[in-house]
Amino acid sequence: MSSDAQQMQQGVLAGDRRALSKAITLLESQNPAHRSLARELLEGILPFSGKSKRIGISGVPGVGKSTLIEALGMLLLEGNLSQAPQKIAVLAVDPSSSRTGGSILGDKTRMQQLANHSQVFVRPSPAAGSLGGVARRTLECILACEAAGFDLIIVETVGVGQSETAVAQMTDLFMLLTLPNAGDELQGIKRGIMELADLVVVHKADLEFTATQRASAELTAALTLLTPHDAPWRPRVLQASGQKATGLLELWQTCLEYFDTLGTAKLAQKRQNQQQFWFENLLREQLWERFSLEQGVLLELQRSRVGAGEISAFLAVEELF
Ligand code: GDP
């Protein structure tokens, strides 16, 4: 290992936040020249990673993700709970950030208490790239945080495009936040996302009691239908308010119950399956990128011929290969 990589690795393993930030900046770098040092660093920290609980949190903007994460995080760090994490990292996957130039964690006013806490590390979404690329960098960021001793990793995402699938495929437990006005909300929640959820939280439960109850009942019914009989875990619906700090203890206890129910073996299996998912995903993405780069002209030609109805899609692909 080069001395640069070694120095960085030592800083990360010592839990030094500046070293961790630097390491993550390196891992996120799009510059091909940084990639070999990044790979060395990754290899060095890999044996020290994996020992955290990884929780994904999703929900439309405004549902209260940051408020809930802040309230839950503060409770876990200051609430004298048993089995509470020692150090929390909050990461983000926001595919829209590349378009807007902003990022869901970019705003410094979000999670202010948590962000200033000495046992917390908050990192905005890697700014640009394909979802696969952003996901890869977030995954590597998770590994670095784990090596630095963070034992709870929260990955937050907005409900845009495929970002929910991506986050569900890099965390152990996937939590969906929804609002109490269930009737419309339930219509709005795509079936695919409900299928990813291990926990659904009816958030801002302080607002409308009746609506919250109704939403919980409807969501519970929907989840019951969606969950296979032999599933090791039956997804639950909980109610919480980040603002009023209610329902948080039950939320955390349910998370712990989830991890207990799955146990070490099933969790390890789940992570292995996720690695395979990313292997295929990244391979497909890179093959496509390389092909476009090396055979771009031909590709465009075939694309326009298909568009003009001159040739069928299948034949066009066959010809290309
Ligand atoms: P995010 O975009 O999902 O991260 O949502 P925020 O956490 O930024 O919250 C959006 C708005 O909802 C803010 O104005 C919050 O003050 C408000 N809010 C968040 N949590 C709650 C809650 O539990 N109850 C109520 N009544 N309002 C909340």
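Keep in mind it's a predicted model, so treat the numbers as computed, not measured. In listed order, ligands and their atoms are each counted from 1.
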Only heavy atoms of [X], strictly under 4.0 Å: list the atoms of ligand 1 that pass.
X    : answer
K65  : 1 (P), 2 (O), 3 (O), 4 (O), 5 (O), 7 (O)
S241 : 22 (C), 23 (O), 24 (N)
L207 : 26 (N)

- ligand 1-proximal atoms of V63, by part, heavy-atom distance under 4.0 Å: both
- Task: Specify side chain, backbone, both or neither for T67, according to which of its non-hydrogen atoms lie closer than 4.0 Å to ligand 1.
- Result: both
Which residue owns the protein heavy atom closest to [atom], what's the atom, and how far is it?
atom                    : value
atom 16 (O) of ligand 1 : Q243 NE2, 3.1 Å
atom 4 (O) of ligand 1  : R110 NH2, 2.5 Å
atom 24 (N) of ligand 1 : D206 OD1, 2.7 Å
atom 2 (O) of ligand 1  : G62 N, 2.8 Å
atom 11 (C) of ligand 1 : K204 NZ, 3.8 Å

Can [X] and [Y] be counted as an ion pair, charged N to O under 4.0 angstrom?
X    : Y    : result
R35  : E140 : yes
E285 : R136 : no
E250 : R236 : no
K53  : D172 : no

- Note on the structure: atom 8 (O) of ligand 1: of G242, S66, A240, the nearest heavy atom sits on S66
- Message: Strictly less than 4.0 Å: does any protein heavy-atom distance to atom 13 (C) of ligand 1 fall in that range?
- Response: no
- What's the spacing between Y258 OH and F174 CZ if we round to 0.5 Å? 11.5 Å
Exercise: identify the closest heavy-atom pair between [X] and [Y]:
X    : Y    : result
E164 : S58  : OE2-OG, 2.8 Å
C145 : I153 : CB-CD1, 3.6 Å
L41  : A23  : CD2-CB, 3.6 Å
T171 : Q274 : O-NE2, 2.7 Å

- Query: Any idea how F150 and F121 line up, ring-wise: parallel (<30°), tilted (30 to 60°), or perpendicular (>60°)?
  - Reply: tilted
- Taking both backbone and side-chain atoms of K244, is any N or O found less than 3.5 Å from an N or O belonging to ligand 1? no
- Query: Can you check whether P61 has an N/O within less than 3.5 Å of an N/O in ligand 1?
  - Reply: no
- Measure the distances from the heavy atoms of V60 to every atom of ligand 1 and state whether one is below 4.0 angstrom. yes
